[in-house]
There are 2 protein chains.
Amino acid sequence: MDIVFKAINDPTRREILRFLTHGPQNAGTIAQQFNMTKPSISHHLDLLKQAQLIDFSKNGQFLVYTLNKSGFETIHAWFQPFTMFFELPKPKIRL
Amino acid sequence: MDIVFKAINDPTRREILRFLTHGPQNAGTIAQQFNMTKPSISHHLDLLKQAQLIDFSKNGQFLVYTLNKSGFETIHAWFQPFTMFFELPKPKIRL
DNA sequence: TTTATATTTAAATATTTGTTTAATTATTTA
DNA sequence: TAAATAATTAAACAAATATTTAAATATAAA
């Protein structure tokens, strides 16, 4: 559990997650988005992977990264007890 | 924004937040819950305060801490875009 | 089968973080 | 007003983190 919170603590990692909402991306494409060396991005991807916030599959010489449900469910589950205490924006349509 | 994620990264701070779901608590009462010195808890409370996850008011010589909506809204807002991508547990009743 | 490309792993380092002990501030009570 | 209580602030330090450069691995193309 700790690892998920550690993962989303870093701004670069949060940007990577946001970037992946556009769909699966190669490690190189992800690295291009940032003013930072590839090894540094690689390290961030590794941490997000450990937190199960992303996943990857191999496509030839490329590694394709995608969002992974598990880590987000962990965050959601942690957050749940606190929603009881606050009026949070309600969904516009019936779920 | 960064400060909120930093705040919830620490397990002690997450326990403090959980403890405060039981209602407002004095600094001393909070400190008792943990095998840790008061200055350390004080520092954690300060960080949670900075993140607007908690608030306090003075009652004589006591400082009474409570949960604060603002910080949780920040987390919720960040999480929102990701909910689109995953089937998350649905509410049991109409909201 | 050599060379280029995509990416990670390893080693080193500066910065940040969590904790402790000691000192300080503020309030209450005797 | 002096002593006790509640809590924070300050200084010091060990542990964890993000980054870089250099080296290694794996696949593709020439």
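Below, chain A is the first sequence line, B the second, and so on; all start at residue 1. The figures that follow rest on heavy atoms only: side chains count, while hydrogens, waters and symmetry mates do not.
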Would you indicate, yes or no, if D:dA6 has its OP1 or OP2 atom less than 4.0 angstrom from a side-chain nitrogen or oxygen of B:Y65? no

A:K6 backbone acceptor or donor facing B:N9 side chain under 3.5 Å: yes

Write down the atom of A:L48, the atom of A:A7, and the distance for their closest heavy-atom approach. CD2-CB, 4.1 Å

Can you confirm whether B:L53 sits close enough to B:I75 that some side-chain heavy atom of one is under 4.5 Å from a side-chain heavy atom of the other? yes

Closest non-hydrogen atom pair between A:L45 and A:A27, with its separation: CD1-CB, 4.2 Å

Any residue meeting side chain to side chain contact (heavy atoms under 4.5 Å, CB included) with B:K49, in chain and number order, not counting sequence neighbours: B:I54, B:D55, B:F56

Nearest-nucleotide comparison on DNA chain D, the residue closer to the 5′ end among B:V64 and A:T12: B:V64

For A:N68, what residues pass the side chain to side chain donor-acceptor pair (under 3.5 Å) criterion, not counting sequence neighbours? A:S70

Side chain to side chain donor-acceptor pair (under 3.5 Å) involving A:D2 - partner list, sequence neighbours excluded: B:R14

Within residues 3-10 of chain A, the residues having a heavy atom closer than 4.0 Å to DNA chain D are A:K6, A:D10

In short, B:P81 meets B:A77 closest at the heavy-atom pair CD-O, 3.4 Å

Please give, in whole Å, the distance from D:dT8 P to B:L47 CG? 13 Å

Show the nearest heavy-atom pair for residues A:K38 and A:A31, with the distance to one decimal. CG-CB, 3.9 Å

OG1 of A:T83 to CZ of A:F85, rounded to nearest 0.5 Å, is 9.0 Å

Nearest-angstrom distance from the residue atom CE of B:M36 to P of C:dT17: 17 Å

From CD1 of B:I41 across to P of C:dT20 the rounded distance in Å is 9 Å

Under 4.0 Å between any heavy atoms, over every strand shown, what does B:F56 touch: base, sugar-phosphate, or nothing? Just pick one. nothing

Report all side-chain donor-acceptor pairs from residues 17-25 of chain B shorter than 3.5 Å, counting only partners two or more places apart or in another chain.
unit_1 : atom_1 : unit_2 : atom_2 : d
B:T21  : OG1    : B:R18  : O      : 2.5
B:H22  : ND1    : B:F19  : O      : 3.3
B:Q25  : NE2    : B:G23  : O      : 3.4

Listed by chain and number, what are the side chain to side chain contact (heavy atoms under 4.5 Å, CB included) partners of B:H44, not counting sequence neighbours? B:D10, B:T12, B:R13, B:I16, B:M36, B:S40

Whole-Å distance, A:F34 CZ to D:dA18 P, equals 14 Å

Report yes if at least one side-chain N or O of A:T37 is closer than 4.0 Å to OP1 or OP2 of D:dT19; otherwise report no. no

What parts of residues 15-32 of chain B reach DNA chain C, counting only heavy atoms under 4.0 Å away? none

If a pair means Watson-Crick or G-U wobble with both distances below 3.5 Å, what does DNA chain D look like in dot-bracket form, with | marking bases paired to a different strand? ||||||||||||||||||||||||||||||

Rounded off to whole Å, could you give me the CD1-to-P distance for the B:I54 and D:dA7 pair? 13 Å

For nucleotides 9-15 of chain D, which of its nitrogen or oxygen atoms have a protein nitrogen or oxygen under 3.5 Å away, and what is each distance?
none

Measure CG/B:D2 against P/D:dA18 and give the value in whole Å, please. 12 Å

Distances under 3.5 Å between nitrogen or oxygen atoms of protein and nucleotides 26-30 of chain C:
unit_1 : atom_1 : unit_2 : atom_2 : d
C:dA26 : O3'    : B:K58  : NZ     : 3.4
C:dT27 : OP1    : B:K58  : NZ     : 3.4
C:dT27 : O3'    : B:Q61  : N      : 3.3

In chain order, what residues pass the side chain to side chain donor-acceptor pair (under 3.5 Å) check against A:Q50, with sequence neighbours excluded? A:D46

Quick check: do B:I8 and A:W78 have side-chain heavy atoms less than 4.5 Å from each other? yes

Run the ring-ring contact (aromatic ring centres under 6.0 Å, His included) test against A:F62 and tell me which residues pass, sequence neighbours left out. none

B:Q50 atom CD is separated from C:dG18 atom P, nearest whole Å, by 12 Å

In short, A:F79 meets B:F72 closest at the heavy-atom pair CZ-O, 3.4 Å

